[in-house]
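Take a look at the structure below.
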Amino acid sequence: MANIVLSISTNIQKEVMAYYATHFIERKAPGVIFAAKLPDTAITMYKSGKLMFQGGGAEREAARWGTVEKTATPVSTIGAKGDVLPNNFATMSVLGSDETGTGDYFGPITVAAVYVPTSKIELMNELGVKDSKMLTDDYMRKIAPDLRVACVHSVLVLRNEKYNNLQGKGYSQGKMKAMMHNKALQNTLSKMAPEKPEFILIDQFAERGVYYNYLKNERELVQENVYFSTKAEQLHVAVATASILARAAFLKEMDRLSDITGLTLLKGASNKVDVQAARIWRNQGEEFLRSITKWHFANTDKARKMK
């Protein structure tokens, strides 16, 4: 399906709305100011001045209004490792998953899976989706509600007490992450059924064989059309969106833990985290500290020596 985007002026926006007025359709998606549907073309106009045409007649209709700006969302594969993706992968309908919180002493691991069909790729861009490493926590908190409304998704939160319990039973962090990715993908596929993504892309934290070995005892596995790649946020907007929703969920849980602790908990696993952990240990005890941390991290021993 052709996917063409133009940048147009305010005056042209008015002309477009007048021209397609008899084909107007209601679209309540964030950022959309006008939409129309022809027999062979969907037309969507955004607040930013972008005008998108999708369908068999996209080139014909786009030619009425200007020079084509782009036909695909550009991506960078520089430094990415993993599976070789199909051509034009960034323009396809993809279910992506990503996680965060794995390197933080305080707080949970969170995983999100998000389905972004071709028809919503431009909307995700309009809503401000980028590689989360380029975004601030405050910005991700701000756009996350719109992303949750716009896309079928699943977000899982593995809180510290359960994390520590699983770790004590011999579960590696890699195994926990694999289980969470698999479950989040299952949940999303169930919500979007009978529709299916063209492909699934997992932000790679383990090679394919290792990932599925982690899941060898699971009853249900998501395996059809699954790709693995590092830097997957840069390869498809679905993974970038998943990264933002996972981060927003992590931040929400950190807020909750900060409230019950009475301190703004630090992210990461630095020396400053050791000092804060020692303070909490002195004031609120070992059991409480264990309940808000990944207890097996080296920070625990460092904090023990400081308390």
- Query: Centroid-to-centroid, His236 to Phe199, below 6.0 Å?
  - Reply: no
- Item | Atom pair CD (Gln276) and CG (Asn299), whose distance is rounded to the nearest 0.5 Å | 11.0 Å
- Gap separating the CD1 atom of Ile280 from the CZ atom of Arg290, nearest 0.5 angstrom: 14.5 Å
- NZ/Lys191: more than 12 non-hydrogen atoms of other groups inside 6.0 Å: yes
- Relative to each other, are the rings of Phe205 and His181 parallel, tilted or perpendicular (30° and 60° limits)? tilted
- Query: Does Asp98 use its side chain to pair, donor to acceptor, with the backbone of Ala242 at less than 3.5 Å?
  - Reply: no
- Test side chain to side chain contact (heavy atoms under 4.5 Å, CB included) on Gln54 and Glu122 and set out the steps. CA-CA 11 Å; Gln54 295 173 288; Glu122 186 60 30; over 6 Å; no
- Message: Could you check whether any side-chain heavy atom of Asn187 comes within less than 4.5 Å of a side-chain heavy atom of Leu156, counting everything from C-beta outward?
- Response: yes
- Query: Is it true that Tyr227 and Val239 fall in one hydrophobic cluster, defined by side-chain heavy atoms closer than 4.5 Å?
  - Reply: yes
- Do Arg148 and His153 come close enough that some side-chain heavy atom pair is under 4.5 Å? yes
- Going by heavy atoms in the side chains, are Asp40 and Arg60 under 4.5 Å from each other? yes
- Test item: Gln173 side-chain N/O and Gly103 main-chain N/O as donor-acceptor pair under 3.5 Å: no
- Query: Quick one: CD1 on Ile292 to CG on Asn160, what's the gap to the nearest 0.5 Å?
  - Reply: 7.5 Å
- Item | Heavy atoms from other residues, nucleotides or ligands near NZ of Lys37 exceed 12 (cutoff 6.0 Å) | yes
- Item | Heavy atoms from other residues, nucleotides or ligands near OH of Tyr171 exceed 12 (cutoff 6.0 Å) | no
- Query: Are Tyr211 and Met179 connected in a single hydrophobic cluster, I mean Ile/Leu/Val/Met/Phe/Trp/Tyr linked by side-chain heavy atoms less than 4.5 Å apart?
  - Reply: yes
- Taking side chain as C-beta onward, heavy atoms only, is Asn225 less than 4.5 Å from Glu198? no
- Task: Give a yes or no on whether Glu161 atom CD has more than 12 heavy-atom contacts from other residues, nucleotides or ligands under 6.0 Å away.
- Result: no
- Looking at Phe228 and Ala206, what are the two nearest heavy atoms and their distance? CD2-O, 4.2 Å
- If you look at every heavy atom in Ala35 and Arg27, which pair is closest and at what distance? CB-CG, 3.2 Å
- Same hydrophobic cluster for Ile143 and Tyr115, using side-chain heavy-atom links shorter than 4.5 Å among ILVMFWY? no
- Heavy atoms only: give me the nearest Met52-Ser119 pair and the separation to one decimal. CE-O, 3.9 Å
- Would you confirm whether Asn164, through its side chain, and Thr293, through its main-chain N or O, come within 3.5 Å as a donor-acceptor pair? yes
Using residues 247-263 as the side-chain source, report each donor-acceptor pair under 3.5 Å to any protein atom, sequence neighbours left out, with the distance given to one decimal.
from, atom 1, to, atom 2, distance (Å)
Arg247, NE, Asp137, OD1, 3.0
Arg247, NH2, Asp137, OD1, 3.4
Arg247, NH2, Asp137, OD2, 3.2
Glu253, OE1, Arg159, NE, 3.2
Glu253, OE1, Arg159, NH2, 3.4
Glu253, OE1, Arg256, NE, 3.0
Glu253, OE2, Arg159, NE, 3.3
Glu253, OE2, Arg256, NE, 3.3
Glu253, OE2, Arg256, NH2, 2.7
Asp255, OD1, Arg141, NH2, 3.3
Asp255, OD2, Arg141, NH1, 2.7
Asp255, OD2, Arg141, NH2, 3.4
Ser258, OG, Met254, O, 2.9
Ser258, OG, Leu263, O, 3.4
Ser258, OG, Leu265, N, 3.0
Thr261, OG1, Leu257, O, 2.6

- Check whether any side-chain N or O of Glu220 sits under 3.5 Å from a backbone N or O of Gln186 as a donor-acceptor pair, and report yes or no. no
- Are Met180 and Val157 linked, directly or through other ILVMFWY residues, by side chains that come within less than 4.5 angstrom of each other? no
- Message: Between Thr188 (side chain only) and Ala184 (backbone N and O only), is there a donor and an acceptor less than 3.5 Å apart?
- Response: yes
- Query: Is it the case that one hydrophobic cluster holds both Val237 and Ile200, taking links as side-chain heavy atoms less than 4.5 Å apart, direct or via other members?
  - Reply: no
- Can you check side chain to side chain contact (heavy atoms under 4.5 Å, CB included) on Asp274 and Phe297, steps first, answer last? CA-CA 11 Å; Asp274 300 337; Phe297 275 29; over 6 Å; no
- Message: Tell me whether Glu61 contacts the main-chain N or O of Ile43 through its side chain, where contact means a donor paired with an acceptor under 3.5 Å.
- Response: no
- Of all heavy-atom pairs linking Gly128 and Tyr139, the shortest is CA-OH, 3.3 Å
- Item | Any side-chain donor near an acceptor of the partner, Glu233 and Ser243, under 3.5 Å | yes
- Item | Pair Arg208 + Asp83: basic N to acidic O under 4.0 Å | yes
- Message: Is it the case that the side chains of Thr118 and Ser93 hold a donor-acceptor pair, with the cut-off being a distance below 3.5 Å and no angle test?
- Response: yes
- Query: Between the main-chain N or O of Ile12 and the side-chain N or O of Ser9, is there a donor-acceptor pair closer than 3.5 Å?
  - Reply: yes
- Task: Take Ile8 and Met45 through the side chain to side chain contact (heavy atoms under 4.5 Å, CB included) test and state the conclusion after the steps.
- Result: CA-CA 9 Å; Ile8 58 175; Met45 186 186 299; 4.3 Å; yes
- Message: Within the 4.5 Å heavy-atom criterion, are Val94 and Pro197 side-chain neighbours or not?
- Response: no
- Say you draw a straight line from CG of Asn271 to CE of Met306; how long is it, rounded to the nearest 0.5 Å? 6.5 Å
- Task: Quick one: closest heavy-atom pair of Trp281 and Leu289, and the distance?
- Result: CE3-CD2, 3.5 Å
- Item | Side chain to side chain, Lys294 and Asp104, heavy atoms closer than 4.5 Å | yes
- Whether Lys120 side chain and Ala150 backbone form a donor-acceptor pair below 3.5 Å: yes
- Message: I'd like to check Leu201 versus Met92 (side-chain heavy atoms, cut-off strictly below 4.5 Å). Are they in contact?
- Response: no
- Task: Please check if atom CG in Asn87 has more than 12 non-hydrogen atoms from other residues, nucleotides or ligands closer than 6.0 Å.
- Result: no
- Any chance you could lay out the side chain to side chain contact (heavy atoms under 4.5 Å, CB included) test for His296 and Thr300, step after step, and finish with the verdict? CA-CA 7 Å; His296 66 105; Thr300 298; over 6 Å; no
- Task: Side-chain contact test, heavy atoms from C-beta onward, threshold under 4.5 Å: evaluate it for Met176 versus Gln167 and give yes or no.
- Result: yes
- More than 12 heavy atoms from other groups under 6.0 Å of CD on Glu218: yes
- Query: What are the two closest heavy atoms between Ala246 and Ala112, and how far apart are they?
  - Reply: N-CB, 3.7 Å
- Ile202 CD1 to Lys177 NZ distance, which is reported to the nearest 0.5 Å: 12.0 Å
- Message: With rounding to the nearest 0.5 angstrom, report the CG to CD distance, Leu51 to Gln13.
- Response: 8.5 Å
- Is there a donor-acceptor pair closer than 3.5 Å between any side-chain N or O of Ser97 and the backbone N or O of Ala113? no
